[in-house]
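Any value given below was found using the heavy atoms of this structure, including those in side chains, with hydrogens, waters and symmetry copies removed. Every chain is numbered from 1, with letters handed out A, B, ... down the list of sequences.
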2 protein chains.
Amino acid sequence: MARARISDVAAAAGVSTATVSLVLNDRTARITDATRDRVRRAAEEVGYTPNSVARGLRTQRSHTVGLISDRIATTPFAGRMLAGAQDVAREHGILVFLVDTDADETVEREAIRALAAQQVDAMIYACMWHRVVDAPSSLPRGTVFLDCRPADGGFPAVVPDDRAGGVAAVRALVAAGHRRIAYVDVDEPHPPVASDLRHEGYLQVLAEAGIDPDPALHVRCDTSSAGGREATDRLLDLPEDHRPTALFCFNDRIAAGAYVAAHRRGLAVPQDLSIVGYDDQQLVAADLDPPLTTVALPHYEMGRWAMEVALGIRTPDDPDAPHLMPCPIVDRDSVGPPPATAASDSRRRT
Amino acid sequence: MARARISDVAAAAGVSTATVSLVLNDRTARITDATRDRVRRAAEEVGYTPNSVARGLRTQRSHTVGLISDRIATTPFAGRMLAGAQDVAREHGILVFLVDTDADETVEREAIRALAAQQVDAMIYACMWHRVVDAPSSLPRGTVFLDCRPADGGFPAVVPDDRAGGVAAVRALVAAGHRRIAYVDVDEPHPPVASDLRHEGYLQVLAEAGIDPDPALHVRCDTSSAGGREATDRLLDLPEDHRPTALFCFNDRIAAGAYVAAHRRGLAVPQDLSIVGYDDQQLVAADLDPPLTTVALPHYEMGRWAMEVALGIRTPDDPDAPHLMPCPIVDRDSVGPPPATAASDSRRRT
DNA sequence: AGCCGCTGCTAAATCGATTAAACAACTGCG
DNA sequence: CGCAGTTGTTTAATCGATTTAGCAGCGGCT
């Protein structure tokens, strides 16, 4: 039992295929209501669903979008971007091709070619983390960059507002009374966009609060639990009057390592050490003990934004600058006032 | 500058479109090498890429596959299934439509319709966890079930061999000398396929080892760190001669909770308590201290299997039973011999 | 010369839709 | 009655490929 074609509907309704097409697509053509009914009933009866391939060939719109990513789909991390993009796509009857290239340029080129051959209506180029990328030359113009910025501009892009995120995180710590706040940064393995922006936010808040940044409180480590633990150990080994009372960690995994380091010394979070993470990773942030205060990456919203721009539903405010998506802070239980000794000390220094 | 069509190539080479098609598809037709060269050069020159939509219409093969999932793409969990499926697809020049339905039946039905309309060559129906599902009636026959079993059979399916995984986990504990081994099971919110199978494996190993299963050592809890911690507390509150020396946890999150419970009582892992998890979740298992011995879910391999069957590259051994994919144990540092007192006790009981 | 068979290539049908143009039937009007 | 204008529907071209059947040209054979 092959799928019903438009000609089957036409035969069943006793009209031409043109009429069927006109009726089913609600074209404002001069067709009597009686005929319209007959066609619709016939379509129902034979179980007709238009063949999108044939329609796409004729109309030159495939109602598909290609989403190319380095490895979003296979990372625990950024799947919410896909969800956002998909939700918008679904709302508009669009199907999404997903290609994970594993950051392999050959695969990437081939994927772009294959997607173009499939006549996708738009493409989205997505990254696992916020970074700067060289746009592959074969990318069609109008391709939307998701969670990355094209090195030379020329494409709409959406990225998290990491600077504002850093501001929010450090402000929370300052508001709790901390003065000696460390930034446990990542050991830049990549163009360190996110890292730098969060650092800028950190510095901005210190400046606002009249706190001199202490270079010793900016440490770097591997982006892992072990790295965070080791870096935190270094910080906690500092002489007492330089020791931080709060940590702003580049991400939640590093923060998890900070917890381990603190616990090993018998320090309680947040009584003895306040910690703020970044990313709001499920399975990390909320499962820590106590639950981690962190900054959420707006993956879902970025995914939506990218798809909306790709489909032409919205246009970027400034076509030449990436759209900055706010990163909301999520308050949990890892931030408290600094310990009494440190608090008095900080007061002394003010 | 529109894309080059086959007629552009034909014009450039001074031949008909038929000849171009014949040459570029390597049809064994009677065409001189000189002409072949001319066509290929012309194609190169105008930058010709065949329009897959037009080709798909004519050949009735779209070189696309639809992958419907409840929420694979947006879960940190099972992205490796996608990677496996995609790798196979890419190796065969197939593009993958991904649709996350969020387990909404309306969305699901609509997705199946849209994919059928796009003339996908095959469909894969995937779940986030191993469970039994009612196959939507509109699924085309031959649809491959990935990480789930259709309630009434009739479709090829691949699932993890949870029974064998349970066997492997518990055998590791028995081999280390444990006799009082608890199974920290999940509180069945769903058809508990995985849970039951792992339990069967657990019981089988106990039987092999001549250990009487103690019902008090089979506890259930919420599938979360908090749940695991609470359940472990219950177990550790047992009188000493009933207290388990080892835990087989339904998953890594529960195991993470078990760590917390143990640490809170000053018990060291594995010296005082051995723990085995399940799932080998990145960001959980390896980041625990000490790293967790666990059983890996073969997501990547299952994804490959499903796509291979979908593309007809391989056929299931037994078309009526789900294919069982082995779950390898990954040995890390959370299993050791039972503490001396317990060990002597267990010897007494043998 | 006439016919056969082979080689190299092309004409044209086809896939299943959309849509502009054409057409038949009817109405209204002078 | 004859012509123009409407209305309701159909005809046919089109999208860009694949593929079958067939045509033209040539060499060999009788």
Side-chain angles (χ1 to χ4, degrees), chain A residues 1-40 42-43 46-64 93 113-114 116-121, chain B residues 1-40 42-43 46-64 93 113-114 116-121:
Chain A
M1 177 193 67
R3 287 170 42 107
R5 296 171 308 249
I6 195 172
S7 58
D8 298 327
V9 179
V15 296
S16 73
T17 63
T19 305
V20 175
S21 176
L22 260 14
V23 170
L24 296 184
N25 290 300
D26 272 324
R27 280 276 167 288
T28 56
R30 311 167 292 203
I31 296 187
T32 51
D33 286 346
T35 309
R36 294 189 119 86
D37 275 4
R38 207 141 38 83
V39 167
R40 278 197 258 266
V46 303
Y48 173 65
T49 306
N51 180 326
S52 306
V53 175
R55 167 184 289 167
L57 177 59
R58 177 64 231 247
T59 62
Q60 305 287 55
R61 306 213 60 230
S62 62
H63 295 276
T64 61
R113 202 202 48 68
Q118 285 285 350
Q119 307 272 93
V120 292
D121 295 337
Chain B
M1 174 196 69
R3 289 169 41 107
R5 296 173 307 248
I6 196 172
S7 57
D8 298 326
V9 179
V15 297
S16 72
T17 62
T19 305
V20 175
S21 176
L22 260 14
V23 169
L24 295 184
N25 290 299
D26 273 325
R27 282 272 167 290
T28 54
R30 307 165 296 202
I31 298 187
T32 53
D33 286 346
T35 308
R36 291 185 123 76
D37 276 3
R38 209 143 34 85
V39 168
R40 278 196 257 265
V46 302
Y48 174 65
T49 306
N51 180 325
S52 306
V53 174
R55 167 184 289 167
L57 178 59
R58 177 62 232 242
T59 62
Q60 304 288 55
R61 304 214 60 229
S62 61
H63 294 275
T64 62
R113 204 202 48 69
Q118 285 286 349
Q119 308 273 92
V120 293
D121 295 337

Counting only side-chain nitrogens and oxygens, does [X] get under 4.0 Å of the OP1 or OP2 atom of [N]?
X       : N      : result
A/Asn25 : C/dT18 : yes
A/Thr32 : D/dT9  : yes
A/Thr35 : D/dG8  : no
B/Thr19 : C/dT10 : yes
A/Thr17 : C/dT18 : no
B/Tyr48 : D/dA17 : yes
B/Arg27 : D/dT18 : no

Got a second to check how far [X]'s [atom1] is from [Y]'s [atom2], nearest 0.5 Å?
X        : Y       : atom1 : atom2 : value
B/Gln119 : B/His63 : CD    : NE2   : 12.5 Å
B/Thr49  : B/Ile6  : OG1   : CD1   : 12.0 Å
A/Asn51  : B/Gln60 : CG    : CD    : 7.5 Å
B/Arg36  : B/Leu24 : CZ    : CG    : 10.0 Å
A/Asn25  : A/Thr59 : CG    : OG1   : 9.5 Å

field: Salt-bridge criterion met for A/Asp8 and A/Arg5 (N-O under 4.0 Å)
entry: yes

query: Should A/Asp33 and A/Asp37 count as side-chain neighbours, where that means a heavy-atom distance under 4.5 Å?
result: no

- prompt: Are B/Gln118 and B/Thr64 side-chain neighbours, meaning at least one heavy-atom pair lies under 4.5 Å?
  reply: no

message: To the nearest 10°, give me the bend of the helix from C/dA1-D/dT30 to C/dG30-D/dC1, comparing the axes of its five terminal pairs at either end.
response: 90°

message: Pair B/Val15, B/Arg38 - check side chain to side chain contact (heavy atoms under 4.5 Å, CB included), show working.
response: CA-CA 9 Å; B/Val15 297; B/Arg38 209 143 34 85; 4.0 Å; yes

field: Residue mapping more 5' on DNA chain C - nearest nucleotide basis, B/Ala54 or B/Val15
entry: B/Val15

Please give, in whole Å, the distance from [N] [atom2] to [X] [atom1]?
X        : N      : atom1 : atom2 : value
B/Leu24  : D/dT18 : CG    : P     : 8 Å
A/Arg3   : C/dG16 : CZ    : P     : 10 Å
B/Arg30  : D/dA24 : CZ    : C1'   : 12 Å
A/Leu22  : D/dG8  : CG    : C1'   : 10 Å
A/Arg55  : D/dC15 : CZ    : P     : 19 Å
B/Gln119 : C/dG16 : CD    : C1'   : 9 Å
A/Gln118 : D/dA17 : CD    : P     : 13 Å
A/Asp33  : D/dT9  : CG    : P     : 10 Å

query: Any idea which heavy atoms bring A/Leu57 and B/Ala54 closest together, and the distance?
result: CD1-CB, 3.8 Å

field: Any residue of residues 56-64 of chain B with a heavy atom less than 4.0 Å from an atom of DNA chain C
entry: B/Leu57, B/Arg58, B/Gln60

message: By nearest atom, which of the nucleotides D/dT18, D/dA17, C/dT10 is closest to the B/Ser21 side chain?
response: D/dT18

query: When we call it a touch if two heavy atoms are under 4.0 Å apart, what does B/Ser52 touch: a base, just sugar-phosphate, or nothing?
result: nothing

